[in-house]
Each structure stands twice: as C-alpha cells, then as structure tokens.
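Inspection log for the structure reproduced underneath, given as structure tokens.
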Amino acid sequence: MPHDRLVAMTGVRGVLRSLAGRRDAAVLERPTQAARREPLALPGRASERRAWADAASGARRPSVALHGVSKTYGNGKRALVDVDLLVPEGDFVFLVGPSGAGKSTLIKLLVRDELPTSGSVFIAGQDLARLKRRHVPRLRRQIGIVFQDFKLLPARTVRENVAFALEVTGTPGRQIRPRVDRLLALVGLSDQASQRPAQLSGGEQQRTAIARAMVHDPRVVIADEPTGNLDPLISWEIIQLLLRINEMGTTVLMATHNAEVVTALRKRVIALEEGRIVRDEVGGYHRDY
Amino acid sequence: MIHFLAFAIKRAIQGFWRNGVMSLAATITMVLMLMLLAGLLIVSSSLQVGLDTIESKVEVLAFINEGVSEERVEGLRADVEALPEVASVTFTTKEQALEEFRATQAAAGNEDLTRITGTNPIPAKLNIKLKDPRVFGQVRETLLGPPGVVQEVIDTQETIDELLGVTGVLRTAGLVILAVVGLTVLLIVVNTIRMAVMSRRDEIEIMRLVGASDGFVRWPFIFEGVLVGLLGAFVTLGLLALASQPIGQLARVLAAHLPPGFQQNLTQQVIGVVLGAGFLLGGLGASISVRTYLRREPGTG
C-alpha cells in the first residue's frame with residue numbers, strides 16, 4: 001500500500017493533529033458548525049485594509065501587490081477589471097470564484113505570462129511591466145508554481161523531475177542531488193524517488209510537483225487548483241503540505257474550487273467574479289452572512 | 001558555462017536521437033548538398049588550374065608547307081619576331097619535329113607508326129611564344145601574309161575560350177544547383193528542429209515556469225542543428241576520402257599537369273568548405289526555427 005494511502009486513511013484527523021495549536025485547527029473538525037460559531041469573520045474588505053496598513057507601516061512587506069489591474073484580451077474579453085490586491089509576505093490566501101472569473105488570468109499576470117492592459121503588478125517589490133525579458137527567469141525562480149495537472153515529465157523519475165528544474169537553471173551538478181533529496185524528504189517522497197509519474201498516485205504526483213516548485217526556495221508559491229484532480233482525502237494531504245510550506249515562511253496563493261478545504265481552514269479568501277474582487281476576508285468558501 | 005555547454009550538448013544529442021527519422025533525413029540531404037558543393041569545388045579548381053597551365057604554355061604554331069625554301073621561312077620568322085606582342089620564335093625542322101613526335105609517342109607508350117611510312121610526314125614549324133598569352137595581335141595575319149608558306153596556324157586562343165566557356169557554364173550551373181539544394185537543406189533543418197521543439201513542448205513549458213533562461217531553452221536546439229550539419233559534413237568527407245582515388249584521377253584528366261601541392265591544397269580547401277558549410281547551414285536553420293517557434297512575448301492585450 002503506498003505511503004500516501006496510509007496517510008490518507010488517517011485522513012483529516014491526521015492532518016488536524018499536525019496542525020494542532022493553530023487557531024484554525026478546532027474549526028477543521030466540524031467546518032459547518034465552526035462557520036456558525038463564527039458568523040462574523042471580518043466584515044467587508046477589512047483584511048485587505050489591514051494588509052495595506054501592514055504594508056504601509058512596513059510591518060510586513062507585500063509579496064504580491066496588484067494596483068488597479070485590468071486585463072482585456074485581444075478578443076475583447078475583459079478577464080480582470082480594476083483589481084487591487086495586496087498579499088503580505090508569509091500569508092496563505094485562497095483565490096476562489098467560478099470558472100472564467102479571472103483566476104487563471106490573475107495567475108498568468110503574477111508569473112508574467114501575460115502583462116496587464118492597465119495597472120501594475122508587483123512581486124516581491126518588482127514591477128513586472130518594467131521587468132526586462134532577460135530578467136523574467138529570475139522572477140520565475142522566486143515563484144513556485146503548482147498546477148492541477150501536475151505538469152510532470154512522464155519519461156523522468158520523481159528525482160529527475162525535481163532535478164530538472166535545477167539543471168535547466170544552471171545549478172552545478174554536485175549541488176543538485178542534496179537539494180533534491182532535501183525536497184523529496186520535505187514532501188515525503190524519498191522512497192519513491194526512482195519511480196516514474198505513471199507509477200505514482202495522483203497525490204504523489206502533486207507532491208512531486210510541489211517539490212519541484214520549491215527547488216529555488218521561492219518567496220511565493222502559486223497553486224492553481226492543486227487538488228482539482230484529487231480525491232478529498234488526498235486533497236487534504238496536499239493542503240497540509242502547502243500549509244507546512246507556508247509555516248516555513250513562504251507566501252502561498254491557492255486558487256481552488258474546493259469549498260470544504262477553504263471553509264474549514266478559515267484563511268483569507270479572495271473571491272473573484274467576472275473579473276472583479278467581490279469579497280476579500282477571512283472566512284469560508286461562500287459568504288458567511 | 002561548462003555546465004551550460006554540457007547541458008546543451010547532452011540535450012542536443014538526446015533530441016537528435018529522439019527525432020531519429022527526421023534527423024536522418026536532414027543529415028542525408030545535408031550530405032547530398034555537401035557532396036555537390038565538394039564536387040563543384042574540385043571540378044572548378046581543377047579546371048582553373050588546367051586553364052592556368054595551358055595559358056602559361058601558350059604558343060602559336062605555324063606549320064610550314066612542304067618544299068618552302070629556308071629563306072622564305074627565315075623572312076617570315078624575322079617579320080613575326082618584329083611584332084611587339086611576340087616574345088620569341090623558334091624554328092623546328094621536319095627532322096626535329098619527327099624526333100619530337102617520336103619522343104612523345106614513346107613516352108605515351110604508343111607504337112611508332114612513322115616508321116611504317118618511310119617518308120617524314122611531320123611538317124616543319126615555327127613556335128611563337130607570346131609576351132602575354134591573351135594578346136595575339138597581328139601574329140596570325142603576319143604568319144598567313146606571304147602566300148604558300150604556312151600550311152596552317154594553330155593557336156590556343158580557341159581552346160582557352162572554350163575552356164573558359166565550359167568553366168563559366170559549370171560554375172553558374174553549379175552555383176544555381178547549389179543554391180537550390182542549399183535552400184532545401186535549410187528548410188529541412190528548419191523543419192527538423194521545429195519537430196524537435198514540438199516534441200519538447202512540455203519540457204520547454206516547464207523550463208520557462210521554473211525560470212530557465214532563454215539560453216537554456218534555445219541553445220540545445222541550435223546545437224542539434226549544428227550536430228546535423230557537422231554529422232553531414234563528416235559523412236561527406238568520409239565518402240570523399242573513400243572516393244579520393246578516382247577523384248584524383250579525374251582532377252589529373254582535367255588538368256594534365258597539376259602543380260605540386262595542388263592536391264593537398266584542394267584537400268584542405270574541401271575539408272574547410274564542407275565543414276564550414278555544414279556547420280553554418282545547420283546552425284542557421286536551427287536559429288531560424290528557434291526564432292520562429294520559441295518566440296513568445298507576453299502581450300498587454
């Protein structure tokens with residue numbers, strides 16, 4: 001039985017135990033009740049205001065900042081409309097909203113796969129519109145990206161998939177192995193290092209992808225529906241891993257449709273609808289009130 | 001840097017094998033083109049050398065009719081020698097001419113047929129050397145001036161003109177064919193590398209996401225193109241080496257007396273040109289491909 005199945009069997013409770021001591025932990029056990037118990041999280045866009053205030057006072061630098069960002073594609077589709085968003089360093093933020101609400105566009109802007117039509121995007125203090133083409137790779141190394149479909153190379157083993165990200169960025173050969181070993185230990189895949197993606201469960205594949213996203217010790221991890229292809233228990237495992245990464249100081253931005261997870265964790269939730277931020281508060285997947 | 005090179009070369013070789021059929025097709029076309037190139041080079045430089053040799057030996061021959069008195073021949077000789085374009089004139093008697101003829105026949109290993117005739121069929125002649133092999137001036141007219149003295153004037157002008165014509169046609173035709181084949185090779189390399197890029201799409205996407213610089217994305221493909229070019233060049237040189245014996249003979253036929261070191265010079269030239277052309281075509285084709293299929297700037301609209 002694969003390792004992650006065993007973890008999965010201990011399930012949510014196992015995850016919870018690992019989160020013991022966190023404010024959210026109690027909430028996790030009975031999410032719906034918890035939601036009722038705490039009907040009023042933070043009203044309006046208070047958390048955003050707090051984030052701006054934090055940033056202004058210099059308490060925590062924003063690792064992601066969007067100012068009046070709009071994105072209109074060539075075909076006239078308005079994917080984002082006047083989006084303001086500030087994510088302080090070390091935060092864990094959910095990005096929710098129906099398909100086509102602009103989540104993917106937002107992520108593309110953050111990794112400079114697209115440039116905004118107007119407004120500006122900052123990652124770790126860098127204005128992406130002013131970033132020269134040759135400096136884009138440096139930006140990408142400060143961002144770890146995780147996808148719903150894992151994007152692993154099928155012909156390479158787990159170890160090689162993770163090492164690939166180091167190879168192609170010019171890391172000297174002798175540094176690669178220890179770093180990969182450390183990351184595989186972090187995601188709990190040391191024993192599966194020489195297996196190929198096809199031999200792994202979905203959860204293990206996603207953990208491989210997360211290990212790869214972490215190779216350059218990024219400041220921000222952006223996860224685009226990382227649990228979209230996984231069953232609920234395995235999803236929790238992935239969330240647990242992202243929380244652990246967040247605890248280690250990395251900002252995590254996770255786009256998801258997983259209502260259960262979002263509601264249970266009581267993290268900051270940014271809801272997009274038709275390209276606008278319609279809600280930005282600590283709370284559940286749906287409006288609590 | 002060394003790490004980068006190792007990475008790019010490793011990936012280029014991997015890509016070459018992964019794309020086996022296309023790579024092979026590209027290499028074979030490359031070989032064909034380089035063979036043509038080498039062939040053209042060999043033929044044209046042999047012809048050029050032959051031409052130079054002929055030019056350096058240029059002389060006008062005037063064959064004297066039977067029974068013309070020596071005084072008349074001497075008079076003609078003096079007239080011709082007085083011409084400004086003439087360097088020297090020598091008279092060869094019938095007997096001397098026969099000896100010369102026999103000597104050349106013996107050297108060529110032919111049977112001496114003049115022994116059978118009993119009489120001497122070889123005419124006496126005047127050999128006129130020109131100051132400039134291309135300027136004949138009044139030599140021909142002067143020689144044919146006194147009636148009945150000169151039987152026939154042979155000059156190499158026609159031969160040289162013909163040779164020049166042949167080399168010109170050969171060179172033009174060769175260059176046209178070469179251009180067409182070169183273009184084909186270029187397109188095939190472009191296509192081969194495009195296929196390589198396509199087959200590595202996922203890898204390229206991941207490379208970009210994890211922050212690989214453009215160099216790491218592009219250079220392996222350019223190296224792959226260069227690999228096709230150089231492999232084609234080496235195969236071509238190998239085939240030429242195998243065929244060097246007949247080629248050498250061909251060169252000797254085209255230019256009867258090759259100057260010393262000619263073959264060595266030509267060999268060096270051929271190696272240089274074939275390697276250079278393979279390298280450039282492979283690299284150029286791959287660069288075009290990479291430029292066309294890997295370029296993607298984020299848009300604001």
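Everything quoted here is computed from the prediction, not taken from an experiment. Order of the sequence lines sets the chain letters (A, B, ...), proteins ahead of strands, with each chain counted from 1. Just the heavy atoms: all of them, side chains too, but no hydrogens, waters or symmetry mates, feed the values below.
Few gaps surround CD on Gln199(A); more than 12 heavy atoms of other groups in view lie less than 6.0 Å from it. The number of heavy atoms from other shown groups lying within 6.0 Å of CD (Glu273(A)) does not exceed 12. Remark: Phe279(B) CZ is loosely packed, at most 12 non-hydrogen atoms of other residues, nucleotides or ligands lying under 6.0 Å away.
Within the 4.5 Å cutoff, side-chain heavy atoms of Ile206(B) are placed close to those of Phe164(A). Under the 4.5 Å side-chain criterion, counting only non-hydrogen atoms from C-beta, Arg140(A) is not in contact with Met207(B).
When heavy atoms are compared at a cutoff of 4.5 Å, Phe7(B) approaches chain A solely by way of its side chain, counted from C-beta outward. Within the 4.5 angstrom heavy-atom criterion, only side-chain atoms of Arg156(A), from C-beta onward, approach chain B.
Salt bridge absent: Asp113(A) and Arg208(B) never bring a charged side-chain N and a carboxylate O closer than 4.0 Å.
Residue Arg133(A) comes nearest to Asp214(B) through the heavy atom pair NH2-OD2, 2.9 Å, listed as atom of the first residue, atom of the second, then distance. Considering all non-hydrogen atoms of both residues, Ala212(B) and Val168(A) come closest at CB-O, 3.2 Å. Of all the heavy atoms in Pro137(A) and Ser213(B), the pair that sits closest is CG-CA, 3.6 Å.
The CG atom of Leu209(B) lies 7.0 Å from the NZ atom of Lys151(A); values are rounded to the nearest 0.5 Å.
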Test side-chain contact (heavy atoms from CB on, under 4.5 Å) applied to Lys10(B) and Glu167(A), step by step: CA-CA 12 Å; Lys10(B) 196 179 88 186; Glu167(A) 274 171 37; 4.2 Å; yes
Stepwise side-chain contact (heavy atoms from CB on, under 4.5 Å) check, Leu153(A) with Glu203(B): CA-CA 7 Å; Leu153(A) 297 170; Glu203(B) 282 184 27; 3.4 Å; yes
